[in-house]
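Contents: one structure, followed by commentary.
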Protein chains: 2
Amino acid sequence: MALTDDAIAKIRSMIQSGELPPGARLPPEPQLAAQMGLSRSGVREAVKVLESARVLDVRRGDGTYVTSLAPRLLLEGLGVAVELLRDDTLLEVMEVRRMLEPMATGLAALRMTDADLDELGRILQDMRAAADDAEKLIQFDAAFHHTVIATTGNETLTSLLDGLAGRTLRARVWRGLIEGNAAHQTIEEHHTIYLALRARDQLLAQASALLHVNTSEAWLRTVLGAKSSDG
Amino acid sequence: MALTDDAIAKIRSMIQSGELPPGARLPPEPQLAAQMGLSRSGVREAVKVLESARVLDVRRGDGTYVTSLAPRLLLEGLGVAVELLRDDTLLEVMEVRRMLEPMATGLAALRMTDADLDELGRILQDMRAAADDAEKLIQFDAAFHHTVIATTGNETLTSLLDGLAGRTLRARVWRGLIEGNAAHQTIEEHHTIYLALRARDQLLAQASALLHVNTSEAWLRTVLGAKSSDG
DNA sequence: TCGCCGACAAACGTCCGATGTCTCTATAGT
DNA sequence: ACTATAGAGACATCGGACGTTTGTCGGCGA
């Protein structure tokens with residue numbers, strides 16, 4: 001294809017070059033169509049693609065604007081992509097988390113504030129209280145890790161790890177943990193990480209995070225293995 | 001918005017549920033439109049979004065098919081997203097590379113074959129021969145790191161790091177390196193990494209990769225700093 | 001003067017039908 | 001058996017029309 005993809009490329013390069021800064025408003029669709037030499041239908045497809053990538057923000061009845069281009073927006077699509085990965089590649093994702101998450105957790109140990117630690121303590125408490133509710137466990141687990149990573153102050157890193165630990169992946173791991181009666185032990189792993197962070201011990205935080213990711217990976221393997229031998 | 005986004009979600013969930021496995025063919029656009037309760041225009045916008053995410057493959061005159069859903073495809077969008085990040089967040093990207101690339105390089109030291117090492121040696125030679133050509137340097141630099149990471153056998157990891165070290169980012173770093181007369185020294189950093197890999201020394205590979213990323217980060221800082229003080 | 005309300009205009013959302021162009025396949029001919 | 005060609009199927013693009021939503025502005029009333 002050419003026309004629509006060209007339009008996408010043009011708009012993207014206008015943004016990249018600074019001609020269309022964050023917050024800028026694009027011309028109305030008919031005008032944009034004339035300007036790029038294709039019909040309004042083509043422009044709409046192009047705009048839709050960039051909107052789904054969180055590059056453009058279409059406000060009905062108002063106009064189309066460039067978003068803030070914040071990492072949290074642009075990297076949102078990573079999570080969607082990970083959700084569509086096939087089962088056998090989820091182990092690759094886990095291997096990446098195994099490398100990245102311990103480093104990030106170690107960094108968090110250096111940058112974490114007392115307020116951050118308090119919030120983490122609350123989440124840990126919530127987690128223990130929800131030990132029987134798979135849905136809540138998944139939610140608090142996500143909140144725990146997100147909070148830890150977010151304290152690094154690196155929004156890009158946070159978005160990446162959020163995306164890599166997608167909802168589906170997390171749900172599968174916890175399903176395995178619960179069915180294998182390992183939920184309690186895993187909650188305690190979070191406590192271990194919490195203690196290391198409280199002590200501002202980088203290496204200990206790193207090590208405990210690695211152990212934790214390893215546990216997740218092991219249970220994911222179990223879940224995937226059980227599935228493949230099903231039918 | 002509802003109709004088009006609903007259509008996107010429906011198609012995606014059909015793929016996720018296995019109803020549309022990799023390689024499957026979707027119904028023709030008019031039929032798909034009827035099936036999802038919207039017009040052909042809306043379907044086309046939905047398909048276009050999924051095509052740009054490398055989830056669908058539209059073959060003109062033939063039909064629309066689900067791609068292989070390989071990580072290399074689905075994570076391709078990451079590179080595009082990184083290209084649009086604002087300057088100040090590029091340092092965040094560098095911090096992520098600083099965490100991930102040394103670990104990956106260390107892992108590569110364990111898994112690298114003799115054939116891999118030979119190829120790496122060739123790239124290193126090319127790099128030295130092209131010390132005066134910025135464009136080629138960027139290309140060989142990308143090839144070097146890609147080759148190293150690819151030997152881990154982890155396609156997801158490879159795609160992620162490829163995306164994080166996008167063309168624009170790499171070009172900026174090398175611009176700084178060349179203008180600062182540091183190109184030669186940086187090429188030697190690659191040699192150091194190569195030697196560590198040849199020795200199958202994980203820790204040494206890790207350390208030399210960290211030093212290398214650190215150099216890149218420093219020069220990126222220089223380039224960005226010079227730019228912000230320009231105007 | 002401030003605030004509410006209604007009308008107008010701008011802009012996107014959706015649909016429809018028509019035509020061009022490409023790909024694949026099957027058939028006919030050599 | 002192989003090749004060339006014609007046809008059918010499917011996407012690409014266009015242009016216009018109408019509905020819906022949003023933002024704005026002026027007028028009215030408290």
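The structure displayed is predicted, hence computed values, not measured ones. Every chain is numbered from 1 and lettered A, B, ... according to where its sequence line falls, protein lines coming before strand lines.
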Report the distance from atom CG of Leu3(B) to atom P of dC18(D), rounded to the nearest whole Å.
20 Å
Within the pair Thr64(A) and dC12(C), is there a side-chain N or O less than 4.0 Å away from OP1 or OP2?
yes
Spatial distance of atom CG (Leu164(A)) from atom NE2 (His145(A)) [nearest 0.5 Å]:
13.0 Å
On DNA chain D, compare the nucleotides closest to Ser39(A) and Gly61(A); which residue's is nearer the 5' end?
Ser39(A)
Measure across Arg172(A) and Asp87(A) and return the closest heavy-atom pair with its distance rounded to 0.1 Å.
NH1-OD1, 2.8 Å
Any base atoms under 4.0 Å from Gly42(A), or only sugar-phosphate, or nothing? Heavy atoms, all strands.
nothing
Kindly say if Arg60(B) contacts the phosphate of dT21(C), meaning a side-chain N or O under 4.0 Å from OP1 or OP2.
no
When you compare the side chain of Glu45(A) with that of Val49(A), does any pair of heavy atoms fall below 4.5 Å?
no
Ile8(B) atom CD1 is separated from dG13(C) atom C1', nearest whole Å, by 14 Å
From CG of Leu38(B) across to C1' of dG19(D) the rounded distance in Å is 16 Å
Tell me which nucleotide among dA12(D), dA11(C), dT14(C) gets nearest to the side chain of Val58(B).
dA12(D)
Specify the closest pair of heavy atoms between Ile149(A) and Ala104(A), including all atoms of both residues, with the distance to one decimal.
CD1-CB, 3.7 Å
hbond_proxy Arg40(A) side chain to dG13(C) base (donor-acceptor, 3.5 Å cutoff):
yes
Just how far, in rounded Å, is P of dT14(C) from CE of Met36(B)?
14 Å
Measuring to OP1 and OP2 of dT21(D), would you say a side-chain N or O of Arg59(A) lies under 4.0 angstrom away?
no
What's the closest nucleotide to the Arg25(B) side chain, out of dA10(D), dA11(C), dT13(D)?
dA10(D)
Determine: side-chain N/O of Thr4(B) to OP1/OP2 of dT14(C), distance under 4.0 Å, yes or no.
yes
Shortest side-chain distance from Asp62(B), nucleotide among dG13(C), dA10(D), dT23(C)
dT23(C)
Between C1' on dG13(C) and CD on Glu45(B), what's the gap in Å once rounded to a whole number?
8 Å
Within this structure, what is the CZ-to-C1' distance between Arg44(B) and dT14(C), rounded to whole angstrom?
15 Å
Within this structure, what is the CG-to-P distance between Leu56(A) and dC12(C), rounded to whole angstrom?
11 Å
Glu29(A) has an atom CD; how far is it from atom P of dA17(D), in whole Å?
17 Å
Compare side-chain N and O positions of Ser41(B) against OP1 and OP2 of dC16(C) and report whether any pair is under 4.0 Å apart.
no
Can you measure from CE (Met127(A)) to CD1 (Ile138(A)) and round to the nearest 0.5 angstrom?
10.5 Å
